[in-house]
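Just so you know, residue 1 is the first one in the sequence shown, and it goes up from there. It should be emphasised that the depicted structure is a prediction, and the values quoted were computed from it without experimental measurement. Side chains are part of it too, since the values below use all heavy atoms of this structure and drop only hydrogens, waters and symmetry mates.
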Amino acid sequence: MAKLDSKLPGLCENLLGDIVHPVSCIQEAGALALAELLSELRPEFTEATLELLLKTYKEKLAVCIKMVFSKTISPPPL
């Protein structure tokens with residue numbers, strides 16, 4: 001696997017953006033790259049990035065929950 005330059009500013013944040021991309025292969029590539037990068041970073045950077053990831057997860061989860069509960073359920077056709 002290629003070595004990532006962990007000194008690039010904003011690299012973790014950009015990879016977080018890839019993780020929520022609508023195309024699944026980009027999500028997967030972003031997740032793999034972020035996992036590799038996190039294994040090379042100092043603990044304080046890893047912790048901050050994981051906090052951002054959790055925040056993003058909670059935001060996306062809230063949107064999904066709103067979408068599920070805002071749908072009108074119609075009776076099935078007879």
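- Of the inter-residue distances, the one linking D18 atom CG with I26 atom CD1 reads 7.0 Å to the nearest 0.5 angstrom.
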Check: side-chain contact (heavy atoms from CB on, under 4.5 Å) between L38 and L50: does it pass, once the steps are laid out?
Finding: CA-CA 9 Å; L38 290 176; L50 291 176; 3.8 Å; yes
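- Dense packing is recorded around CD of E59, with more than 12 heavy atoms of other residues, nucleotides or ligands lying under 6.0 Å away.
- The two residues V20 and Q27 come nearest to each other via the heavy atoms C-NE2, 4.4 Å.
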Item to check | Candidate pair L54 and K58, rule side-chain contact (heavy atoms from CB on, under 4.5 Å), full reasoning | outcome: CA-CA 6 Å; L54 185 58; K58 288 178 181 178; 3.9 Å; yes
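- Atom CD1 of I19 and atom CG of N14 lie 11.5 Å apart (nearest 0.5 Å).
- Scanning both residues, L37 and C12, for their nearest heavy atoms gives CD2-SG, 3.4 Å.
- Separation of atoms CG (L41) and CG (L34) is listed at 8.5 Å; rounding is to 0.5 Å.
- Atom CG of L15 is separated from atom CD of E36 by 11.5 Å, given to the nearest 0.5 angstrom.
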